[in-house]
Amino acid sequence: MNQPVSQRGGSQGRRALRRRAVEMLYEAAQRAADPVQLLADRVGSTVVDPIGDYTISLVEGVTAHRERIDELLAEHAQGWTLDRMPPVDLAVLRVGVYELLWSPDVPDPVAIDEAVGLAKELSTDDSPRFVNGVLGRIGNIADRLRAVL
């Protein structure tokens with residue numbers, strides 16, 4: 001199996017690559033910066049750890065489909081607006097929706113489980129349940145959504 005190797009010598013699994021994408025999306029949102037430009041500034045830099053291909057794919061994919069992703073999140077986050085969501089949760093949800101709908105190599109339950117795991121690691125105690133609920137609702141209609149994308 002070919003996994004990216006970090007400068008520290010260990011291999012990065014997909015969870016670490018997802019986490020890095022969430023962190024980059026979060027940072028870009030906090031700085032009001034373009035995530036793809038932030039990514040471009042970091043790729044190849046000797047100042048930060050290497051950025052894996054899957055992280056690049058996620059950041060670029062979320063950015064390319066962000067309008068549709070945010071529409072779906074606004075529609076399925078019952079009682080929550082995007083502005084009211086914790087920024088980390090929003091970044092996790094965007095990656096989760098992207099994987100659900102535009103990453104055919106990631107099974108729907110894996111996309112949801114990984115997002116919930118990231119919410120457990122990076123956000124509040126209530127976040128995993130919230131992320132699971134929103135992505136679960138979108139996951140229930142993912143086949144229909146993919147058919148019209």
Side-chain angles (χ1 to χ4, degrees), residues 1 3-4 6 10-43 48-149:
M1 197 180 281
Q3 290 187 337
S6 75
S11 65
Q12 293 181 307
R14 274 208 169 172
R15 165 118 0 146
L17 297 169
R18 282 181 184 96
R19 180 184 175 126
R20 187 84 183 269
V22 167
E23 290 168 348
M24 294 196 80
L25 291 166
Y26 171 80
E27 181 181 348
Q30 294 305 106
R31 293 178 171 207
D34 176 19
V36 174
Q37 185 59 54
L38 180 66
L39 184 68
D41 293 344
R42 303 271 170 87
V43 170
V48 297
D49 286 341
I51 298 173
D53 290 345
Y54 196 63
T55 297
I56 294 168
S57 173
L58 290 173
V59 171
E60 290 177 344
V62 166
T63 303
H65 298 285
R66 183 166 161 192
E67 187 175 325
R68 183 65 178 126
I69 289 169
D70 285 357
E71 286 171 3
L72 289 166
L73 290 174
E75 184 180 335
H76 295 281
Q78 298 170 340
W80 286 82
T81 63
L82 298 184
D83 291 340
R84 233 181 106 215
M85 288 180 198
V88 172
D89 291 2
L90 186 54
V92 167
L93 285 165
R94 285 175 173 154
V95 168
V97 171
Y98 176 77
E99 284 194 305
L100 273 171
L101 300 179
W102 287 280
S103 293
D105 63 322
V106 179
D108 293 355
V110 172
I112 295 169
D113 187 56
E114 288 295 317
V116 170
L118 286 170
K120 283 179 187 173
E121 290 176 29
L122 300 171
S123 199
T124 69
D125 289 343
D126 294 329
S127 295
R129 188 174 66 240
F130 174 67
V131 167
N132 188 57
V134 174
L135 292 180
R137 285 187 285 281
I138 294 170
N140 286 337
I141 59 169
D143 288 335
R144 284 182 278 156
L145 290 170
R146 282 188 289 262
V148 297
L149 292 176

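For this chain, numbers begin at 1 and follow the sequence in order.
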Hey, could you give me the CG/CZ distance between Leu90 and Arg84, rounded to the nearest 0.5 Å? 13.5 Å
If every non-hydrogen atom of Ala91 is compared with every non-hydrogen atom of Leu25, which pair is closest and at what distance? CB-CB, 4.1 Å
Correct closest heavy-atom pair for Ala111 and Gly96 would be CB-O, 4.3 Å
Can Glu121 and Arg15 be counted as an ion pair, charged N to O under 4.0 angstrom? yes
To the closest 0.5 Å, what do you measure between CG (Asn140) and NE2 (His76)? 9.5 Å
For the atom pair CD (Glu23) and CG (Leu38), what is the distance rounded to the nearest 0.5 Å? 11.5 Å
Can you tell me how far the CG atom of Leu149 sits from the CZ atom of Arg68, to the nearest 0.5 Å? 6.5 Å
Can you find a pair of side-chain heavy atoms, one from Asp108 and one from Arg146, that are under 4.5 Å apart? yes
Are the side chains of Met24 and Ile51 in contact, using a 4.5 Å heavy-atom criterion? yes
Smallest separation among heavy atoms of Thr55 and Leu17, with atom names: OG1-O, 2.7 Å
Stepwise side chain to side chain contact (heavy atoms under 4.5 Å, CB included) test for Leu73 and Ile138: CA-CA 8 Å; Leu73 290 174; Ile138 294 170; 4.1 Å; yes
With sequence neighbours left out, write down each residue that passes ring-ring contact (aromatic ring centres under 6.0 Å, His included) with Phe130, or none if nothing qualifies. Trp80
Closest non-hydrogen atom pair between Ser123 and Asp89, with its separation: OG-OD1, 2.5 Å
Please list all pairs passing the side chain to side chain donor-acceptor pair (under 3.5 Å) test where one or both residues lie in residues 91-100, with sequence neighbours left out. Arg18-Glu99, Tyr54-Glu99, Asp70-Arg94
Carefully, step by step, assess Val92 and Lys120 under the rule side chain to side chain contact (heavy atoms under 4.5 Å, CB included). CA-CA 10 Å; Val92 167; Lys120 283 179 187 173; over 6 Å; no
Side chains of Leu101 and Leu72, heavy atoms from C-beta outward: is any pair under 4.5 Å? yes
Just so I know, are the side chains of Val134 and Val97 near enough to count as touching, which here means a heavy-atom distance under 4.5 Å? no
Non-hydrogen side-chain atoms of Gln30 and Pro87 separated by less than 4.5 Å: yes
Side chains of Val106 and Leu100: closer than 4.5 Å at any heavy-atom pair? no
Residues forming a side chain to side chain contact (heavy atoms under 4.5 Å, CB included) with Asp125, sequence neighbours excluded: none
For the atom pair NE2 (His65) and CD (Glu60), what is the distance rounded to the nearest 0.5 Å? 11.0 Å
Considering only NZ, NE, NH1 and NH2 on the basic side and carboxylate oxygens on the acidic side, decide whether Glu114 and Arg14 come within less than 4.0 Å. no
pair Thr81-Met85: side-chain heavy atoms closer than 4.5 Å: no
Working to the nearest 0.5 Å, report the span between CG of Leu118 and OG of Ser127. 11.5 Å
Does Arg137 CZ have over 12 foreign heavy atoms under 6.0 Å away? yes
